Amino acid sequence: MFSQRGRQISLPGSPPHPPMPFHVMVKPGGPRCNLDCRYCYYLEKERLYPDTRKFRMSDDVLEIFIRDYIASQNRLDMPEIWFSWQGGEPTLLGIEFFRKVVDLEERYCPKGKVVRNAIQTNGTLLDEDWAAFFKANDFLVGISIDGPREQHDRYRVDRRDMPTFDKVVAALELLRDQKVEFNTLTVVHRQNARRPKEVYRFLKDMGVEFMQFIPLVERAAEGGMLAGPPEQDDGAARARVTPWSVLPKAYGEFLCGVFDEWIAQDVGRIFVQLFDVQLGLWMGGPSSLCIFAETCGQQMALEHNGDLYACDHYVYPQHLLGNIAKTPLDVLAASPGQRRFGDDKRDTLPSCCLTCKYRFACNGGCPKHRFLESPDGEPNLNYFCASYRRFFDHAGPYLLTMANLVRQGQPAAHVMEMRRNRYLPGKSIGSQAGRNEPCPCGSGRKFKKCCGREAGR
């Protein structure tokens, strides 16, 4: 993709030892957006920069970031260097801005390294020129869509309060027709949470093969602002959940409903981020998604002016790490404050989480969502605790089965045939198949030559 010119940059003030791997979500246009989604938590970030009239990353800040980020990732010996462009709405900056991005990446990309770009967009401004640019430069495009028309238009409206569904669907079809790599991001809110199968089937019918489902919960505070991280108040007592936030029970049922659709016929064909992450965890691996990792702090957010924050959900003054024009990026990423921020996720778990049988799969969830009290009256229980427990109880046996299949060198997709053969997850495979009977995983081999090897039969 890129011409392999440029060199590794040695930055004054860089830490003597490379920091832990980290990723930066870039907001080159700040919170500026052409939509006015009723549930958006980022539009109010304009108040952090009251003197800013034009939210646009300058050429100088852009070059500093691309140069330093590539250098930092190269020092970490990352096999691929990923840039993530979000907002607000990043396409408001125009194609020429991103042509400049690609040019700078080519300039600073060391020999032998591959640089990739991912951009998250509402899709309403995309046209054939954008599609051609994305295709030519190998961008991964994330399209925000909340399901069928009624569910999407419930909250995702433009500045005139007009629906956006038709424009988003047109963008999705354009990307699909032009063979641009894309995925979808669906915000699970109070309304669409009631229709998990309808939402999943809609996305599937649209040709979506990679899906993300992000639960929405925000807390209203005094003055109409959204409440910040839990440490800013006394817990849930002074903050109430907004009317569009998904309720814990509903989110748990949503995950189970989507999982039931997926496990019946789409394993290995459609990829749901949360399910993929959980399969890795149930196999004993680390989490590839920060919310389920034991610690956090490796997913930072960069604002248009070069300000680096601890996390996209913690863009608040007390979590400002510094500015990349003044302090090298990898120094900020490895700062004691950021490491403490990441370790706090593990160190502030309530007792009920420490003894929970699902701790390995959850690790307390996202710290921003820890604003409930535990049954013992301790703080920092995650708002979605009941959601995840419901999902793990329901999907766990299937996840274990898929994990066992993979360990035996079998495709995880064999779980679908096992399910059709009335294999009951959670019970021993050996208790449900005779030694010389066909293996319930659907491999076509006898049980003793397939899954029975691990069962010892």
Side-chain angles (χ1 to χ4, degrees), residues 1-9 23-30 32-34 55-74 76 78-145 167-168 170-185 207-212 271 273 301-302 304 324 329:
M1 171 181 166
F2 296 102
S3 60
Q4 302 300 325
R5 65 179 186 268
R7 59 186 177 85
Q8 180 173 337
I9 305 298
H23 185 72
V24 178
M25 183 184 296
V26 193
K27 312 275 188 174
R32 182 172 170 242
C33 189
N34 61 318
F55 286 91
R56 185 184 184 89
M57 185 171 282
S58 70
D59 290 350
D60 289 343
V61 171
L62 180 64
E63 182 166 2
I64 289 170
F65 170 66
I66 290 177
R67 180 197 69 191
D68 293 3
Y69 186 66
I70 288 177
S72 297
Q73 298 297 295
N74 189 47
L76 291 164
M78 303 301 289
E80 288 187 324
I81 299 173
W82 276 92
F83 286 85
S84 296
W85 308 94
Q86 300 207 12
E89 176 49 46
T91 61
L92 285 171
L93 298 173
I95 292 179
E96 288 307 312
F97 178 88
F98 288 97
R99 292 192 198 281
K100 194 175 302 177
V101 165
V102 173
D103 288 344
L104 288 168
E105 290 170 345
E106 290 181 345
R107 183 186 307 172
Y108 290 109
C109 182
K111 184 177 180 179
K113 290 292 181 179
V114 175
V115 175
R116 292 289 311 277
N117 288 278
I119 185 169
Q120 186 67 39
T121 173
N122 60 45
T124 61
L125 301 178
L126 299 189
D127 56 21
E128 291 190 358
D129 290 340
W130 273 110
F133 172 78
F134 291 147
K135 180 64 176 177
N137 293 283
D138 199 22
F139 270 58
L140 169 61
V141 182
I143 294 286
S144 298
I145 184 167
K167 290 183 178 180
V168 178
L172 196 153
E173 291 174 339
L174 174 65
L175 296 176
R176 185 187 62 203
D177 294 344
Q178 297 299 318
K179 294 181 169 43
V180 175
E181 188 178 359
F182 73 94
N183 58 33
T184 56
L185 187 156
V208 179
E209 296 178 352
F210 296 87
M211 306 176 186
Q212 297 180 62
F271 301 89
Q273 182 192 47
L302 184 71
H304 66 289
I324 64 170
L329 175 63

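Please read these numbers as outputs of a predicted model, since none were measured by experiment.
- Contact annotation: the side chain of Asn183 never approaches that of Val141 to less than 4.5 Å [non-hydrogen atoms, C-beta and beyond].
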Practice task
Dump the intermediate steps for side chain to side chain donor-acceptor pair (under 3.5 Å) on Gln120 and Ser144, then the final yes or no.
Solution key: CA-CA 7 Å; Gln120 186 67 39; Ser144 298; 3.0 Å; yes
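- By the 4.5 Å heavy-atom criterion applied to side chains, Arg67 and Leu104 are not counted as neighbours.
- Two residues are said to be in side-chain contact when any heavy atoms from C-beta on lie closer than 4.5 Å; Glu106 and Val115 fail this criterion.
- Taking CE of Met211 as the reference point, atom CD1 of Ile145 lies at 11.0 Å (rounded to 0.5 Å).
- Considering CG of Leu92 and OG1 of Thr121, their distance stands at 8.5 Å, rounded to 0.5 Å.
- Ion pairing of Glu63 with Arg107 is present here, as a side-chain N (NZ or NE/NH1/NH2) and a carboxylate O approach within less than 4.0 Å.
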Practice task
Check the pair Val208 / Leu172 against side-chain contact (heavy atoms from CB on, under 4.5 Å), numbers first and verdict last.
Solution key: CA-CA 9 Å; Val208 179; Leu172 196 153; 4.2 Å; yes
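- Checked by atom type and distance alone, the side chain of Arg116 pairs as donor or acceptor with a backbone atom of Asp138 at under 3.5 Å.
- Using modelled atom types and a 3.5 Å distance limit, the side chains of Ser58 and Asp60 yield no donor-acceptor pair.
- The closest donor-acceptor contact from the side chain of Asp127 to the backbone of Asp129 lies under 3.5 Å.
- Using cut-offs of 30° and 60° on the angle between ring planes, the pair Trp130 and Phe133 is perpendicular.
- When all heavy atoms are compared, the tightest approach of Asn122 to Cys33 is ND2-SG, 3.8 Å.
- Atom NE2 in His23 sits 13.0 Å away from atom OG in Ser72 (nearest 0.5 Å).
- Across all non-hydrogen atoms, the minimal contact from Val180 to Ala131 is CG2-O, 3.5 Å.
- Of all non-hydrogen atoms in Ala171 and Gly123, the two that sit nearest each other are CB-O, 3.2 Å.
- Considering only heavy atoms from C-beta on, Lys135 stays 4.5 Å or farther from Gln178 through its side chain.
- At a cut-off of 3.5 Å, with distance as the only test, no side-chain donor of Gln212 or Thr184 sits close to an acceptor on the other residue.
- Residues Asn34 and Thr124 are in side-chain contact: their nearest non-hydrogen atoms beyond the backbone lie under 4.5 Å apart.
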Handout entry: Stepwise side-chain contact (heavy atoms from CB on, under 4.5 Å) check, Phe83 with Ile70
Key = CA-CA 9 Å; Phe83 286 85; Ile70 288 177; 3.6 Å; yes
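- Closest approach of Val61 to Ile324, counting heavy atoms only: O-CD1, 4.2 Å.
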In a table with atom names and distances, give each donor-acceptor pair under 3.5 Å that connects a side chain of residues 93-102 to protein atoms at least two apart or in another chain.
from: Glu96; atom 1: OE2; to: Arg99; atom 2: NE; distance (Å): 3.0
from: Lys100; atom 1: NZ; to: Asp59; atom 2: OD1; distance (Å): 2.9
from: Lys100; atom 1: NZ; to: Asp59; atom 2: OD2; distance (Å): 3.3

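- Under the side chain to side chain contact (heavy atoms under 4.5 Å, CB included) criterion, Phe55 pairs with Pro31, Arg32, Glu46, Tyr49, Thr52, His304, sequence neighbours left out.
- When the salt bridge (Lys or Arg N to Asp or Glu O under 4.0 Å) test is applied to Glu89, no partner is found at least two apart in sequence or on another chain.
- Using modelled atom types, no side-chain atom of Lys113 and backbone atom of Pro79 make a donor-acceptor pair closer than 3.5 Å.
- Shown here is Glu80, whose CD atom has more than 12 heavy atoms of other residues, nucleotides or ligands within 6.0 Å.
- Of the possible donor and acceptor atoms, one in the side chain of Tyr69 sits under 3.5 Å from a partner among the backbone N and O of Trp82.
- To the nearest 0.5 Å, atom CZ of residue Phe182 and atom CG of residue Leu175 are 6.5 Å apart.
- We find the CD-CD1 distance between Glu105 and Ile66 to be 5.0 Å, quoted to the nearest 0.5 Å.
- The minimum heavy-atom distance between Pro90 and Gly87, with the atom names listed, is CD-N, 4.0 Å.
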Handout entry: Stepwise side-chain contact (heavy atoms from CB on, under 4.5 Å) check, Val168 with Ile143
Key = CA-CA 8 Å; Val168 178; Ile143 294 286; 3.7 Å; yes
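- Separating the CG atom in Asn137 from the CD1 atom in Ile119 is a distance of 11.5 Å, to the nearest 0.5 Å.
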